[in-house]
Structures are given as C-alpha cells and as structure tokens.
Amino acid sequence: MVDKKLEERNIPGMNARNNRFAEVEHAEHAGAALRRIAAYFARERGMVAAMLAAVILGTLCGIYAPSLQSRAIDIIAGAAGGALFPTLALMLAVYLLYSGCQLLQGLISARLSQRIVRRMRQELFGRIVDLPIRYLDTHSHGDVMSRMTNDIENISTTVSQSLPSLFSGVLTIAGTVCIMLWYCWQLALLSCATVLLTLLATRFLSGKVRKFSRRRQALLGRLNGTVEEMVSGYRTVVAYNHQDVTAEAFCRTADSLTRAGIQTDIFSGVMGPVMNCIGNIGFVIIAAFGGYFAVNGLISVGVISAFIVYAKQFSRPINELAQIFGQLQTAVAGAERVFTVLDEAGEDMSGQPLAAGRGASVEFRDVNFSYVPGHPVIRDFSLTVPSGKTVALVGATGSGKTTVVNLLMRFYDIDSGSIRINGQDISETARGSLRRDAAIVLQDTVLFAGTVRSNLLYANGSATQEQLDTAVRMSRCADLLRTLPQGYDTLLSAGGENLSQGQRQLLAIARAFVADPEILILDEATSNVDTRTEKAIQSAMRQVMEHRTSIVIAHRLSTIRDADLIVVMDQGRIVEQGRHEDLLARKGKYYDLYMTQFAGFAT
C-alpha cells in the first residue's frame, strides 16, 4: 500500500510550487540541512556573487526611481528647481537598468539552480545505485523515487525563484522604510499602519486555505488511488460486475473533493481582493494625510507621489515573504530527505577477487541468517555443491530457498558460519568479482528500456554475435526473435511491457546464458512459460549446466527430477537431501510435496 504522506506529496499541483498555501513540510534538523545546502552554493561562489550583485543593483534602482519621479513632479509643479528632461532621462535609464537587473537575476538564478540540482541529483543517483539490497528491500521504492524527483524539484524551484525574491524582498523593505522615514517620518508611520492589517488578513486567510487544502490533498490522493486501482484491476472489476459500485465510490470522493476545492479556491480568491483593498486604504491614508502635510508645507506634491509608489513596493514583499518562508521550509525538508539517502552507507565492494579457474564448488558451513534480529530465517544450514553439479532447492513458500541464493550472491551477509567458493570465504571476496562469476534468473523478470540486443548484452557487454546467437538458440528464443519486427534491434518498452511474461522470461534466461557464468542460479526461472516450452528449455539448460555449478529453485518438482542433488528445506533447515528416486522411496517431506503436486494441488 502506498504511504499516505508519500501519496499526497506526489499529487500534481499540490506542492509548494503550485499552491501558495499548500501544507508546509518541516525539517527535523533544519540547521544541519541548511549548512549542507550552503556547501553546494559555496562551489558556485561566482554565480552566487553575480546573482547577489544583480539583486542588490536592481533593488537600489527600484528604490531610487520613485525619488526621481518625485523630483520630476516637483519640477513641473514649480516646487523644485532643475532641468526636467535630464531628470526624466535619468529616471528612464534607472528603470531600464532595473528591468535589466531583473532579467539578469532570473537568468543567473535559473542557471545556478540547475547546476546545484544537477550535482545533487548526480550524487543522489550515484548513492542509490550503490545502496545495499537491504535498504531497497526495507524502503518504499516510491519514496526513494520521490526524493529524486519531487524533493529535488522543490529545491530547484526554491533556488531559482524563492531565494532571489527573499533577498530582494528584504532589501526592498529595508530600503523603502529608510527612504520613507527620510522623506517624512510621520507619513511613513501612517503608511506602515496598513502592514498590521495585511499581516492579520494573511494569517487568517492562509490558515483557512491550509485547512481546506489539507482536505483537498487527502481527497485527491484517495481519488487517484481509486482510479489507479480501477485501471490496474479493470479485468477484476468487470469480471465481478463492480463497475457501478466503483463509479459510485468515485463520485462520492469526487463530490467531496469538489466541495473542498471550492472552499479552498474561495479563500484563495479572496486573498487578492483583500490585499488590494488594504493597499487602497493605504493609498487613501497617504493621499489624505499627505495632502494635509503638503498644505502645511511639510512635504511637496512629488513626495506624495513617491510615497504611493513606495507603499506599493513595501506591501508586495511582505506578502511574498510569507509565501517564500513556506517554500523554504518545504525545500529544506526535501533536502533533508535527500541528505538522508546520501548519508546511507553504500554497499561494501572491497575485498579480494574471486580466484580464477574453470569450475566452482560452493560450500555452506553452519550458516545462520535473519532479516530481523531474533527471527532467524536460515538455521544451521550446511550444504556442499560440487563443481559442475546441479543442486535443486525445494520446499514450501517461506522455507528459505530464495534467501540461500541472496546469501550466496552477497545481497545480504550471513550472521554466522561461512560460505565458500573453491575454498575461498566469500565474506572476504569483493562483491563485484563474485557477481561477475555468477548469473541469476529470477521469477520476477526485469528487462530494461532499449533493444533486445542491449538487454542480452547487459550480462556481458563484450559478447560476440555468435555468443548471442548461441544463447538465443539454447534458450529457445529464436522463434521469438523471428516474430519481432527488427529482431535483435527491436525496441522494448520499460520492463518489456510489449512482450508477454513468458517471452520476457525467455529473454532473461538467454541473458544469463550470455554471461557464461561459473555459477548459474535459476529461481523459478521457467514459472511463466508453458509446459512444452519449459521442457525444451530444460533440455537446453541441461547442456548449459553440464559444466557449471547450478542451483535451481523450483516449485514444479517435475523440472528438477534430473538434478544431481535435491535439497528439501523447511523453516530454514535442510530436512532431506538426495536424488529424486531416493527421496521418493523414503516417503518423507519430498514425497509429500511430490504427491501433492501429482494429485493436482499447489505446494
């Protein structure tokens, strides 16, 4: 089941970038996260300095321009001396410079954000591909992907938009207040009285919007889940005639979402008019008291004009800063999640190379293992697989068969005991070297977007065309390739979705053959092919496994009758082992499993 918080975080349009009052996420250790973010900025000192210079120069121009406007009006009114046209030309130049700084600021901040995010994304992806299997087995894949996409995108948006606005807003407020106080401190204080109204209105309305926004997020997540379940399980919905029930459930959720959306949009829509109203009240105050001060000779008409512009400049950053603060918190929380993955220890790839040589004998000595401490999965497991022999592991679901393979591939490390290949303890062997000499075909087939050829070469990039042809022939993929429009060069969609499950399984088997491994592991490798194809593959696999050490996991006991050794597992222990005929003659656990299948029941 998808985590509710993750589900809500992935809803399009509901993040801080698209909703001013979306639910703000908070970092647990904001200070540490900010220090690490600052380290990324430190690598781009030149661009940061250029962006700050553009912000400062643009802000100064924005503050200075109304003063020139005030002077020009006073010159026209005769309240000040000087030439009008030079003043107007200077005012035009200042406004043009202000616009140029705004453009330059946007370009630099966009480039800066992409450079920082690119470095962060590369580091994160590099860490993900180095994570141990245990981490990905115990963490939601959707959550890991969300850190790569949503969280980094929030950081990018904040760097490119929020940070320049933050610096500019703070400077604008400080500069505007100073110059207003310099012109007329009485009128400045009266103008700032509207700030209190702005803050109260913003707090009240944003609280309402967040309340209904949270409800809308939850309902939208539920609606998306309903649609996803219906689409993915459409055959089941139709088979049980649940179309009307599903539609009614969808409509109920959609109606609730509509009501929550209307309430959110009402309060969001009110925000603009309320702010404009408060701004207009401020203009009235300036006009009324400014006129009074002008009549009494405290200020000129030009100063009143400048105050109107400054009042607008002063209120705009206050509203923006309230919004930016929430975006910054969300971005820092996202960065903290990214850093959490970056701080995970990568898989230890150190160790000695596996001794070269044809053939590989595998020995398990008193192996114990548990995924969760205190709950052992493998108990006192001892087994010897001679070089070039085939050993089959059978047993009920949960008996530990796949775990044995995971331990051999060092996807997990054992708790005690040892696993040796040709007498060499694999705990001292480099994982990369170990896995180069082993190939595995899993029940859950994984193919990658690309051509058939690239998927086959995934196991052995230096394989020749002759090796590919041999692997395809031995895995019985030749007929499949002939049906594909471009043969080896046919493009596969992600996961090979344009092929049937059985066809994907055949290509996975062929890929393992291309690897030409010393150890071949087949974990339910033929579970998704028909019986006739399975027999053909088994015949071919006997040829491939003839000189290889092979470990086969199968529920279909008919497929492992010719194994050199059959090992029966139960609750992590070996309860029987021997040849097929010998185990049947004992009439033990294997006999029960075999007869159950023979009678037509699943094991």
Side-chain angles (χ1 to χ4, degrees), residues 44 46-77 80 82-114 157-184 187-188 191-192 194-195 198 272 275-276 279-280 282-283 286 290 299-325 327-328:
E44 305 290 345
M47 295 191 69
V48 172
M51 185 185 72
L52 289 177
V55 169
I56 293 172
L57 182 58
T59 302
L60 292 177
C61 289
I63 295 173
Y64 181 51
S67 298
L68 293 174
Q69 175 183 311
S70 171
R71 178 173 178 79
I73 292 175
D74 286 341
I75 291 174
I76 295 173
L84 176 62
F85 287 105
T87 302
L88 293 176
L90 179 59
M91 185 171 65
L92 176 62
V94 170
Y95 273 121
L96 289 175
L97 181 59
Y98 172 75
S99 299
C101 289
Q102 291 288 100
L103 176 62
L104 184 61
Q105 168 189 319
L107 293 175
I108 294 176
S109 61
R111 185 172 179 82
L112 175 64
S113 71
Q114 291 306 312
T157 302
T158 300
V159 174
S160 63
Q161 298 178 15
S162 301
L163 284 182
S165 298
L166 176 64
F167 296 143
S168 176
V170 172
L171 291 175
T172 298
I173 291 174
T176 301
V177 169
C178 289
I179 201 166
M180 288 171 70
L181 291 172
W182 181 71
Y183 271 125
C184 180
L187 190 57
S191 300
C192 293
T194 58
V195 174
T198 301
M275 292 300 106
N276 288 334
N280 291 333
F283 295 153
I286 292 173
I299 58 174
S300 65
V301 176
V303 172
I304 297 176
S305 172
F307 257 86
I308 292 175
V309 177
Y310 284 131
K312 185 177 181 180
Q313 282 188 350
F314 183 71
S315 60
R316 178 182 56 81
I318 292 177
N319 295 331
E320 288 184 350
L321 288 177
Q323 172 188 352
I324 290 170
F325 182 70
Q327 293 179 350
L328 286 173

Any side-chain heavy-atom pair of W182 and V177 under 4.5 Å =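 No - every pair of side-chain heavy atoms lies 4.5 Å or more apart.
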Which value, rounded to the nearest 0.5 Å, describes the distance between [X] atom [atom1] and [Y] atom [atom2]?
X    : Y    : atom1 : atom2 : value
L84  : R71  : CG    : CZ    : 10.0 Å
S168 : Q102 : OG    : CD    : 6.0 Å
S99  : L97  : OG    : CG    : 9.0 Å
C61  : L68  : SG    : CG    : 10.0 Å
R111 : E44  : CZ    : CD    : 9.0 Å
I63  : T172 : CD1   : OG1   : 5.5 Å

Heavy-atom pair of closest approach, residues S67 and I179 |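 Scanning both residues completely, I find the closest heavy atoms to be OG-CD1, 3.2 Å.
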Would you name the heavy atoms of G58 and C101 that are closest together and state the gap between them?
->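 The pair with the smallest heavy-atom distance is CA-CB, 3.6 Å.
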So does Y95 have more than 12 non-hydrogen atoms from other groups sitting under 6.0 Å from OH?
->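 Yes, enclosed.
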Decide whether Y98 and T59 meet the rule of one side-chain donor and one side-chain acceptor closer than 3.5 Å.
->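 On atom types as modelled, these side chains do not qualify, holding no pair under 3.5 Å.
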Quick check: does any side chain N or O of S70 sit under 3.5 Å from a backbone N or O of P66, one acting as donor and the other as acceptor?
->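 The answer is no, because no donor-acceptor pair under 3.5 Å joins these two groups.
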T176 (side chain) donor-acceptor with I173 (main chain) under 3.5 angstrom |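 The answer is no, because no donor-acceptor pair under 3.5 Å joins these two groups.
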Would M91 and T87 count as a side chain to side chain contact (heavy atoms under 4.5 Å, CB included) if you check the C-alpha gap in whole Å, the side-chain angles of each, and the deciding distance to 0.1 Å?
-> CA-CA 6 Å; M91 185 171 65; T87 302; 5.6 Å; no
Could you walk me through whether L90 and Y64 pass the side chain to side chain contact (heavy atoms under 4.5 Å, CB included) check?
-> CA-CA 11 Å; L90 179 59; Y64 181 51; 3.9 Å; yes
